[in-house]
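A quick write-up on the structure given underneath.
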Amino acid sequence: PGARPFRTFRWLAAFVPWLAASPVAATNYEVGPGRALAAIAEVPWEALGPGDTVQIHYRPEPYREKWVIGRSGTAQAPIVVRGELGPNGERPVISGDQATTPPALDYTGESRGVLKIGTSNVPPESLPEHIVVENLEIRSAHAAYTFRDDHGVTQSYAQNAAALYVERARHLTIRNCVLHDSGNGLFVGAFYGDTRDITIEGNWIHGNGNAGSIYEHNTYTAAIGIVYADNRFGPLRAGASGNNLKDRSAGLVVRNNWIEGGNRQLDLVDGEDTQVIVDDPSYRETFVYGNVLIEPDGAGNSQIIHYGGDSGDEAIYRKGTLHLFHNTVVSNRSGNTTLLRLSSDAEFADVRNNVLYVAATGD
């Protein structure tokens, strides 16, 4: 009997570390008509953890809500925000027009997007990792619209607001979403130098930009390691002069996309936001292949692709090789078409096995 307490203590000492190391069960949050949660605001965004899934179910009227994701999953158990499709394949609509931020959240840059990822006070500041956002239609982050912030104050969106605004993230996948009716459809920033491994696949991105402005685009991205795959890009908002896909990344891959319209279809320029991108070895190699690039008549610049830089500081231009192959380029311009512009004598391109069609005669 005198030895029993010791044996019990020894068993507890072995059990407690195992208990601490065991994974916490993931939670599934269902939002929508007839579900446990009626509103997106009822999801505990400030407390999500690895493996948690938020299912936003389709309903005919938009969800007029906006929020931030500032938590992390893991490679094996990402945080997933998923739209559950309607009876005819409709995605749930998240509209920034008259949207409301949950009072439980607190984050800067509310005027920059409908759904924001990274940089917040509540949840506490962190670098969100292993996030998946899929099957949502996110729209109307535009200066013409207003929203109510987490303090209940009505604000207007910024000129460069985005349907999906990524300030910081790692291992982020944006899949099968529609991003439109915004200043930028998608904005990915590299201000902190730690945004990396971004996958943008199977989305439909169109109708963004601001009339008369060259500074907002269907997508505007900067990261280390970014892949655009199997997306459909449509023309920008009527009268907008931005580009379709504008990028300042290292390790950029653009493959198997349909890209139609824009001042340029592809504007691949310097990483002016941070030296971290410029110093990354993958900054010198850019791959564009398997795409269909369509130039409507009167769509703006005669250049389909621009590679190198636009800041005027040639020291930070890409100065590497654009690998351009297996693409189909269709130009319906009545005037000249320029396939590719290299910004300086230090830019290189390996261009092969592309199909080029122009409607106009030329010399």
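Hydrogens, waters and symmetry mates play no part in the numbers below; they use all other heavy atoms, side chains included.
In the hydrophobic clustering of this structure, Leu236 does not group with Leu245; members are Ile, Leu, Val, Met, Phe, Trp, Tyr whose side-chain heavy atoms approach within less than 4.5 Å, directly or through other members.
For the 3.5 Å distance criterion, the side chains of His142 and Asn210 qualify, holding a donor opposite an acceptor. Using a 3.5 Å distance cut-off with no hydrogens or angles, the side chains of Arg264 and Gln303 do pair a donor with an acceptor. A donor-acceptor contact closer than 3.5 angstrom links the side chains of Asp181 and Ser140. Between the side chains of His326 and Asn353, at least one donor N or O sits under 3.5 Å from an acceptor N or O. Ser282 and Asp280 share a donor-acceptor pair across their side chains, judged by distance under 3.5 Å alone. Counting only N and O atoms by type, the side chains of Asp297 and Asn332 include no donor and acceptor under 3.5 Å apart. Tyr145 and Ser95 form no side-chain donor-acceptor contact under 3.5 Å, judged by distance and modelled atom types alone.
Ring orientation note: the planes of Trp204 and His206 are close to parallel, at an angle under 30° on the 30°/60° scale. By the 30° and 60° cut-offs, the orientation of the rings of His171 relative to His130 is parallel.
Geometrically, Lys116 does not engage Tyr165 in a cation-pi contact, judged by NZ or CZ lying under 6.0 Å from the ring centre and within 45° of the ring axis.
Between Glu30 and Arg35 a salt bridge is recorded (basic side-chain N to carboxylate O distance below 4.0 Å). Electrostatic pairing of Asp270 and Arg248 counts as a salt bridge here, judged by a charged N lying under 4.0 Å from a carboxylate O.
Applying the side chain to side chain donor-acceptor pair (under 3.5 Å) test to every pair with at least one member in residues 342-351, sequence neighbours left out, gives these pairs: His306-Ser343, Ser344-Glu347, Asp350-Arg352. Sorted by first and then second residue, the side chain to side chain donor-acceptor pair (under 3.5 Å) pairs involving residues 249-258 (not counting sequence neighbours) are Asn231-Asn257, Asp247-Ser249, Asn257-Asn291, Trp258-Glu260.
Not counting sequence neighbours, His57 has no partner by the ring-ring contact (aromatic ring centres under 6.0 Å, His included) test. When the side-chain hydrogen bond (donor to acceptor under 3.5 Å, both in side chains) test is applied to Arg333, the partners found at least two apart in sequence or on another chain are Glu295. Looking at residues two or more places apart in sequence or on another chain, you find a salt bridge (Lys or Arg N to Asp or Glu O under 4.0 Å) between Arg168 and Glu125, Asp194.
Side-chain contact between Leu115 and Ile94 is absent, with no heavy-atom pair separated by less than 4.5 Å.
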One pair to check against side-chain contact (heavy atoms from CB on, under 4.5 Å): Val93 and Arg139. What are the steps and the verdict? CA-CA 8 Å; Val93 175; Arg139 72 186 194 198; 3.7 Å; yes

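Here the shortest heavy-atom pairing between Asn354 and Leu324 reads ND2-O, 3.2 Å.
Here Val227 is tied into one hydrophobic group with Val253, Phe287, Tyr289, Phe325, each link being a pair of ILVMFWY side chains closer than 4.5 Å.
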